[in-house]
Visitor: 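A single structure is presented below for examination.
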Amino acid sequence: MIKLIMIYDQVQAGLGTKDDRMVPLGASREVIGPALMMKPYLKEIDAKVIACLSCGTGTYALEPDEVRRKLCAMVQKVGADAVICGPSFNYSEYSKMCAEVADEIWQKTGVPALAAMAAENKDIIEKYDKKITIITTPKKGEAGLNDALKKLCYAVQEVVSKNSKKS
């Protein structure tokens with residue numbers, strides 16, 4: 001079974017609106033946010049969300065190094081096999097956070113981390129697509145989210161499989 005962690009901003013975690021940017025770093029063992037919609041696809045790949053971590057985009061912007069350090073420690077502490085940052089849709093602050101956090105988790109912990117965001121985040125995607133796996137999602141409210149979430153789950157399965165062959 002693949003043990004998966006989701007990393008969200010305050011909105012996806014259900015802790016506030018896009019204006020509530022200063023939500024502190026937090027954790028929940030309860031499956032929340034987009035992970036609820038992913039359950040059937042996670043079942044197909046024999047994966048389970050073991051924790052949902054979250055941080056306000058303003059909190060992250062204020063202390064990105066500290067937040068990334070703490071997220072890496074949390075990922076290692078719970079023994080995750082993979083991490084999904086997002087989906088951040090077309091929100092650029094959240095997408096930047098997702099890409100930077102995924103990159104750092106992958107580099108510092110060796111745990112495969114993916115980011116999910118809309119194509120509108122072109123600059124972020126171009127900067128990070130050689131470093132991490134980025135799955136494209138629709139913009140917030142657009143059709144196609146279920147297909148993107150399914151693709152995201154299968155990408156998790158693929159990176160975990162590749163990572164386990166390296167060890």
Side-chain angles (χ1 to χ4, degrees), residues 2-16 18 20-35 38 42 47-137 139-140 148-149 151-153 155-160 162-163:
I2 298 170
K3 296 179 288 185
L4 185 61
I5 289 179
M6 303 293 296
I7 296 180
Y8 298 134
D9 72 348
Q10 71 278 5
V11 177
Q12 295 301 317
L15 299 173
K18 65 181 179 179
D20 300 318
R21 300 177 64 245
M22 299 311 292
V23 172
L25 185 60
S28 171
R29 291 218 180 264
E30 185 180 334
V31 177
I32 58 175
M38 293 169 54
L42 292 169
K48 177 183 178 181
V49 174
I50 59 170
C52 293
L53 310 179
S54 59
C55 182
T57 53
T59 302
Y60 178 77
L62 199 61
E63 296 187 277
D65 295 337
E66 182 67 7
V67 170
R68 288 192 306 265
R69 184 188 65 74
K70 287 179 177 179
L71 288 170
C72 285
M74 291 173 165
V75 166
Q76 287 183 300
K77 183 177 181 179
V78 299
D81 297 314
V83 176
I84 294 175
C85 299
S88 58
F89 303 104
N90 51 304
Y91 300 113
S92 60
E93 271 189 310
Y94 182 23
S95 296
K96 181 177 186 263
M97 180 177 97
C98 287
E100 290 175 356
V101 167
D103 185 36
E104 183 123 343
I105 288 170
W106 184 231
Q107 287 185 42
K108 298 274 168 81
T109 70
V111 175
L114 301 84
M117 64 188 70
E120 284 73 10
N121 297 293
K122 183 178 179 226
D123 294 345
I124 297 164
I125 292 169
E126 286 176 0
K127 183 175 180 180
Y128 286 93
D129 71 345
K130 302 272 190 276
K131 298 177 180 185
I132 59 171
T133 299
I134 298 175
I135 301 300
T136 305
T137 67
K139 292 191 314 190
K140 182 73 175 171
L149 294 177
K151 183 177 177 184
L152 183 57
C153 289
V156 165
Q157 184 182 42
E158 186 178 322
V159 296
V160 168
K162 282 182 185 175
N163 197 48

Visitor: Return the CG to CD distance between Leu114 and Glu158, rounded to the nearest 0.5 Å.
Guide: 9.5 Å
Visitor: Can you tell me how far the CZ atom of Arg69 sits from the CE atom of Met74, to the nearest 0.5 Å?
Guide: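 These two atoms lie 10.0 Å from each other.
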Visitor: Which heavy-atom pair separates Ala119 from Thr136 by the least distance, and what is that distance?
Guide: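 That would be N-CG2, 3.7 Å.
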Visitor: Going from NZ on Lys127 to CD1 on Ile132, what distance comes out if it is rounded to the nearest 0.5 angstrom?
Guide: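 Between Lys127 NZ and Ile132 CD1, I get 11.0 Å after rounding to 0.5 Å.
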Visitor: For side chain to side chain contact (heavy atoms under 4.5 Å, CB included), just list the numbers for Tyr60 and Met97, CA-CA rounded to whole Å, side-chain angles, deciding distance to a tenth of an Å, and then say yes or no.
Guide: CA-CA 7 Å; Tyr60 178 77; Met97 180 177 97; 3.5 Å; yes
Visitor: Is the side chain of Asp103 donor-acceptor paired with the backbone N or O of Lys131 at a distance under 3.5 Å, no angle test?
Guide: no
Visitor: I would like to know whether Glu104 and Cys72 meet side chain to side chain contact (heavy atoms under 4.5 Å, CB included); could you show each step before the answer?
Guide: CA-CA 8 Å; Glu104 183 123 343; Cys72 285; 3.8 Å; yes
Visitor: Between Asn121 (side chain only) and Ala118 (backbone N and O only), is there a donor and an acceptor less than 3.5 Å apart?
Guide: yes
Visitor: Rounded to the nearest 0.5 Å, how far does SG of Cys55 lie from CD of Glu66?
Guide: 10.5 Å
Visitor: Side-chain contact test, heavy atoms from C-beta onward, threshold under 4.5 Å: evaluate it for Trp106 versus Val111 and give yes or no.
Guide: no
Visitor: What heavy-atom pair brings Tyr94 and Gly86 nearest, and what distance separates the two atoms?
Guide: OH-CA, 3.4 Å
Visitor: Would you list the atom pairs, donor with acceptor, under 3.5 Å between side chains in residues 2-16 and any protein atom, with sequence neighbours excluded?
Guide:
{"unit_1": "Lys3", "atom_1": "NZ", "unit_2": "Gly79", "atom_2": "O", "d": "3.2"}
{"unit_1": "Tyr8", "atom_1": "OH", "unit_2": "Ile32", "atom_2": "O", "d": "2.9"}
{"unit_1": "Tyr8", "atom_1": "OH", "unit_2": "Ala35", "atom_2": "N", "d": "3.0"}
{"unit_1": "Asp9", "atom_1": "OD1", "unit_2": "Val11", "atom_2": "N", "d": "3.1"}
{"unit_1": "Asp9", "atom_1": "OD1", "unit_2": "Gln12", "atom_2": "N", "d": "2.9"}
{"unit_1": "Gln10", "atom_1": "OE1", "unit_2": "Thr57", "atom_2": "N", "d": "3.0"}
{"unit_1": "Gln10", "atom_1": "NE2", "unit_2": "Thr17", "atom_2": "O", "d": "3.3"}

Visitor: When you measure from the centre of the six-membered ring of Phe89, is the NZ or CZ of Lys140 closer than 6.0 Å and no more than 45° off the axis?
Guide: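 Positive - Lys140 is close enough to the ring of Phe89 and near enough to its axis.
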Visitor: Any donor and acceptor pair, going by atom type alone, linking the side chain of Thr59 with main-chain N or O of Met22 inside 3.5 Å?
Guide: yes
Visitor: Does the side chain to side chain contact (heavy atoms under 4.5 Å, CB included) test come out yes or no for Ile124 and Glu100, once each step is laid out?
Guide: CA-CA 9 Å; Ile124 297 164; Glu100 290 175 356; over 6 Å; no
Visitor: Is a side-chain donor or acceptor of Ser95 paired with a backbone partner of Tyr91 at a separation under 3.5 angstrom?
Guide: yes
Visitor: Might you point out which heavy atoms bring Ala116 and Leu152 nearest each other, and give the distance in Å?
Guide: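 Heavy atoms only, the tightest pair is CB-CD2, 3.9 Å.
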Visitor: Using 0.5 Å steps for rounding, measure from the NZ atom of Lys96 to the OG atom of Ser88.
Guide: 12.5 Å
Visitor: Would Met38 and Cys153 count as a side chain to side chain contact (heavy atoms under 4.5 Å, CB included) here? Give the steps.
Guide: CA-CA 8 Å; Met38 293 169 54; Cys153 289; 3.5 Å; yes
Visitor: Identify the heavy atoms of Leu53 and Ala27 that sit nearest to each other, and give their distance.
Guide: CD2-CB, 3.5 Å
Visitor: Arg21: which residues meet the salt bridge (Lys or Arg N to Asp or Glu O under 4.0 Å) condition with it, sequence neighbours left out?
Guide: Glu93
Visitor: Please report the interatomic distance CG(Asp81) to CD(Gln157), rounded to the nearest 0.5 Å.
Guide: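 Between atom CG of Asp81 and atom CD of Gln157 there are 12.0 Å.
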Visitor: Within a strict 4.5 Å, meaning less than it, do heavy atoms of the Lys48 and Leu42 side chains meet?
Guide: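 They are not in side-chain contact.
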